[in-house]
Participant: 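Just passing along the structure, written as structure tokens.
To find a chain, count down the sequence lines: A is the first, B the second, and so on, and within it residues start at 1.
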Number of protein chains: 2
Amino acid sequence: MYSDVPLYEQLAAILRERIRTGDLKHLHRVPPETTLEQEFEVSRDTVRRAIQQLREEGLVFTVRRRGTFVGPRPAAER
Amino acid sequence: MYSDVPLYEQLAAILRERIRTGDLKHLHRVPPETTLEQEFEVSRDTVRRAIQQLREEGLVFTVRRRGTFVGPRPAAER
DNA sequence: AGTAATTTGTTCGTATGTATC
DNA sequence: AGATACATACGAACAAATTAC
């Protein structure tokens, strides 16, 4: 089985679209990794890679043990 | 960068030297695969091959999900 | 107040596909 | 053909702080 586009890229594209359309709203939480895992039937590894992509694009930011949220990482946080 | 010596052998040599000099001390942890990946800009595959070499030489031992440590594998481990 | 569930982070093991030397 | 090297993908288990009840 082989696709030109890696799974994590495909998932990133889907999430990117959900953000674009407002399905995932600003500062709202992106579903937990385990939820996305089940929803898309991919490994957590793949979910994390996808989110990593979005993070690099500044579309989301992640807070350890809290979750990932839509939007750029706030300047001040602790 | 061309060399007759495989990358994993080169990396093994570097780690071997770090052990020899005490940069990596007995029973201390060797950096995680992902860290070495970034530090040396090689694939995880290459890192693992390098460590595999050291393991075969009895210079390090690896514990699943815990890490790789300097020294021969202890007789008793749980 | 206290305990269980949640959630991201970490880490090694394994397998597969592609490309190159 | 075989060894080397990289990228992708899944798995499994534990850590540790936060959140929920």
Side-chain angles (χ1 to χ4, degrees), chain A residues 1-16 18-19 24-25 27-74 76-78, chain B residues 1-16 18-19 24 27-74 77-78:
Chain A
M1 287 4 155
Y2 174 78
S3 166
D4 294 23
V5 184
L7 271 182
Y8 73 91
E9 288 279 11
Q10 296 178 43
L11 178 52
I14 292 171
L15 296 177
R16 210 177 282 119
R18 285 191 182 178
I19 291 171
L24 287 175
K25 300 187 201 321
L27 292 185
H28 281 214
R29 204 174 79 149
V30 173
E33 295 169 358
T34 46
T35 302
L36 295 174
E37 227 186 293
Q38 292 167 40
E39 179 177 353
F40 295 100
E41 295 182 285
V42 294
S43 70
R44 194 177 157 211
D45 181 80
T46 298
V47 171
R48 286 177 65 75
R49 276 170 189 261
I51 290 176
Q52 168 65 24
Q53 286 267 313
L54 303 182
R55 221 173 0 240
E56 286 169 3
E57 294 165 21
L59 288 176
V60 302
F61 64 97
T62 299
V63 182
R64 187 175 182 146
R65 294 177 193 111
R66 281 213 168 79
T68 295
F69 305 86
V70 180
R73 180 176 291 279
E77 88 225 16
R78 63 182 50 216
Chain B
M1 200 123 96
Y2 291 9
S3 171
D4 293 352
V5 184
L7 265 184
Y8 73 88
E9 288 281 9
Q10 295 178 43
L11 178 51
I14 291 171
L15 296 176
R16 209 178 283 118
R18 285 191 181 178
I19 292 170
L24 287 174
L27 291 186
H28 280 214
R29 195 160 179 274
V30 174
E33 294 170 357
T34 47
T35 300
L36 295 175
E37 225 186 294
Q38 292 166 43
E39 179 176 353
F40 295 100
E41 295 181 283
V42 295
S43 70
R44 192 179 157 210
D45 183 79
T46 299
V47 170
R48 285 182 63 76
R49 279 170 188 267
I51 290 175
Q52 168 63 26
Q53 285 270 313
L54 303 183
R55 222 173 0 241
E56 286 169 3
E57 293 163 21
L59 287 177
V60 302
F61 64 96
T62 300
V63 182
R64 187 174 185 149
R65 291 179 202 109
R66 294 216 161 43
T68 295
F69 305 85
V70 179
R73 180 176 291 279
E77 86 231 13
R78 46 173 182 86

Participant: Among D:dG11, D:dA5, C:dG13, which nucleotide sits nearest the side chain of B:Pro6?
Facilitator: D:dA5

Participant: Does B:Arg65 have a side-chain nitrogen or oxygen under 4.0 Å from the phosphate oxygens OP1 or OP2 of C:dT10?
Facilitator: no

Participant: With respect to the phosphate group of D:dA12, does any side-chain polar atom (N or O) of B:Arg64 fall under 4.0 Å of OP1 or OP2?
Facilitator: no

Participant: What closest approach, in Å, do A:Arg16 and A:Gln53 show between heavy atoms, and which atom pair accounts for it?
Facilitator: NH2-OE1, 4.3 Å

Participant: Does D:dT4 have OP1 or OP2 under 4.0 Å away from a side-chain N or O of B:Arg49?
Facilitator: yes

Participant: CZ of B:Arg66: more than 12 outside heavy atoms within 6.0 angstrom?
Facilitator: no

Participant: The side chain of B:Arg29 is closest to which nucleotide in this list: C:dT11, D:dA9, C:dT10?
Facilitator: C:dT11

Participant: Do any side-chain nitrogens or oxygens of B:Tyr8 fall under 4.0 Å of OP1 or OP2 in D:dT4?
Facilitator: yes

Participant: A:Thr62 side chain: which of D:dA5, C:dG9, D:dC10 is closest?
Facilitator: C:dG9

Participant: Can you establish whether the number of heavy atoms outside B:Glu56 located under 6.0 Å from its atom CD is more than 12?
Facilitator: yes

Participant: Which listed nucleotide (C:dT11, C:dT7, D:dA5) is nearest to the side chain of A:Pro32?
Facilitator: C:dT7

Participant: With a 4.0 Å cutoff (strictly under), does any side-chain N or O of A:Arg44 reach OP1 or OP2 of C:dT7?
Facilitator: no

Participant: Given D:dT4, is OP1 or OP2 found less than 4.0 Å from the side-chain N or O atoms of B:Thr46?
Facilitator: no

